[in-house]
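Right, one structure below, let's go through it.
So that the names make sense, note that chain A is the first sequence line, chain B the second, and so on, each numbered from 1. The analysis underlying the following values was restricted to heavy atoms, covering all of them including side chains, and did not include hydrogens, waters or symmetry mates.
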Protein chains: 2
Amino acid sequence: MELKEGKEKFIQSWGTLGSHWGINRTMAQIHALLLVANEPLSANNIMDELNISMGNTNMNIRALIDWGLVFKELKPGERKDFYVAEKDMWEVVKRIITQRKKKELEPMLRVLDSISKVEGNSEEAEEFKKVVRDIQLFSSKADSTLENLIKADSNWFIGTFMKMIK
Amino acid sequence: MELKEGKEKFIQSWGTLGSHWGINRTMAQIHALLLVANEPLSANNIMDELNISMGNTNMNIRALIDWGLVFKELKPGERKDFYVAEKDMWEVVKRIITQRKKKELEPMLRVLDSISKVEGNSEEAEEFKKVVRDIQLFSSKADSTLENLIKADSNWFIGTFMKMIK
DNA sequence: TTGAGTTTTCAAAATTTACTGAAAAATAAA
DNA sequence: TTTATTTTTCAGTAAATTTTGAAAACTCAA
């Protein structure tokens, strides 16, 4: 396989993977392109390379920066902004966990909290509360596990955790 | 808050959460409805409760059964099929991990494998291969971590793992 | 200032994904 | 069998999401 073809395949499948993980296809493709670029790219480079509009390019670059997956780099003497990707996979995963925990898990925890106080003590109400509290317990464990995970470092994950769970 | 309102809120937010996790809104809502139902429900019960069509109901129930999140239950003397949800959150999460690992992580691993053998030894090609191999290493660690996770039991997660990572 | 280059915004269009409704197939009681 | 009930399928439609394109807003050198 040729280098060019390899890069294209990578961009394509990173895009697909991303779209299943709350990162839209284009956003993930831009990240992929930057991952395999050997130098910082401008918005123009990106739109040419991926055949997407400037508006789309701009919006997704900004989302990537928001998520901490891409950084702006200013080249001295250049008017344009250039961009580079976060290449440390552990960092990438941590940032995605951080975002999704905030956007999805935490709102769910709030809802669970509010509905766990439902009125009534009919059997039906009690059963409902039991289901909710089970989920609440599990979710808050998951939440703090993830909280710990994003504080841990890469070596911990690659080394200790892997062995530990056998 | 009233029980009815609580159940509705739960179904609504479980739907939203699911839609961010590769489970479409309706599919997650059906699962939620079954989670808080105090008895097995028929397809008709479900379509009435959620105001969705029979076709939609049927397709999503079957997807849920496929995923192992819902089970069919036959009531003696009843012609209809009835359905109950998997209520053990640890099981639910394990089944979701299993599905998504198979559908998303594994295809990515195959692509990474194929492109890690890209031709050429220019500096650019070498850098590309390094990026790919880094991701490959990380992904296969993640893959086997998840593999172990889905073999582990709930107590391990709730008890040991939580304390362990402090 | 002015104006060329660059980035941002956002309504409208295109695309993708989910849902419906109606018909066909399956099931099982009569 | 026949018939009533239930489940499945899927083409067409609707809804949601993403992308474009063009204008507005910046930015900075001249």
Nucleic acid contacts of residues 45-52 of chain A, taken as heavy-atom distances under 4.0 Å to DNA chain D: Asn51(A), Ile52(A)
For a quick test of your reading: what N or O donor-acceptor pairs under 3.5 Å do the side chains of residues 73-82 of chain B make, sequence neighbours left out?
{"unit_1": "Asp81(B)", "atom_1": "OD2", "unit_2": "Lys72(B)", "atom_2": "NZ", "d": "3.3"}

Asn56(A) side-chain N/O to Ile52(A) backbone N/O, donor-acceptor pair under 3.5 Å: no
- prompt: For His20(B), does its backbone N or O pair with a side-chain atom of Arg100(A) as donor and acceptor, under 3.5 Å?
  reply: yes
message: Looking at Arg62(B), I'd like to know whether one of its side-chain N or O atoms comes within less than 4.0 Å of OP1 or OP2 on dT9(D).
response: yes
Tell me every residue that passes salt bridge (Lys or Arg N to Asp or Glu O under 4.0 Å) with [X], counting only those two or more places apart in sequence or in another chain.
| X | answer |
| --- | --- |
| Asp134(B) | Lys130(B) |
| Asp48(A) | none |
| Glu91(B) | Lys94(B), Arg95(B) |

Nearest-angstrom distance from the residue atom [atom1] of [X] to [atom2] of [N]:
| X | N | atom1 | atom2 | result |
| --- | --- | --- | --- | --- |
| Asn58(A) | dA25(D) | CG | P | 16 Å |
| Met59(B) | dA11(D) | CE | P | 11 Å |
| Asn60(B) | dT8(D) | CG | C1' | 14 Å |
| Glu78(A) | dT27(D) | CD | C1' | 15 Å |

message: Any base atoms under 4.0 Å from Thr26(A), or only sugar-phosphate, or nothing? Heavy atoms, all strands.
response: sugar-phosphate
task: Select base, sugar-phosphate, or nothing to describe what Asn44(B) touches, counting heavy atoms under 4.0 Å on all strands.
output: nothing
- prompt: Toward the 5' end of DNA chain C, which comes first, Lys80(A) or Asn56(A), by nearest nucleotide?
  reply: Lys80(A)
- line: By nearest-heavy-atom nucleotide on DNA chain C, the more 5' of Met54(A) and Arg25(A) is Met54(A)
- line: Closest to the 5' end of DNA chain D, once Met27(A) and Arg79(A) are matched to their nearest nucleotides, is Met27(A)
field: Earlier contact from the 5' end, DNA chain D, for Asn24(A) and Gly55(A)
entry: Asn24(A)
query: Do the non-hydrogen side-chain atoms of Thr26(B) and Ile30(B) ever get within less than 4.5 Å of each other?
result: yes
query: Hey, does Ile135(B) have a side-chain heavy atom less than 4.5 Å from the side chain of Leu35(A)?
result: yes
- prompt: Going 5' to 3' along DNA chain C, which nucleotides are the first and last within contact of chain B (any atom under 4.0 Å from a heavy atom)?
  reply: dA18(C) to dA28(C)
- prompt: Would Asn45(A) and Ser42(A) count as having a side-chain donor-acceptor pair, cut-off 3.5 Å?
  reply: yes
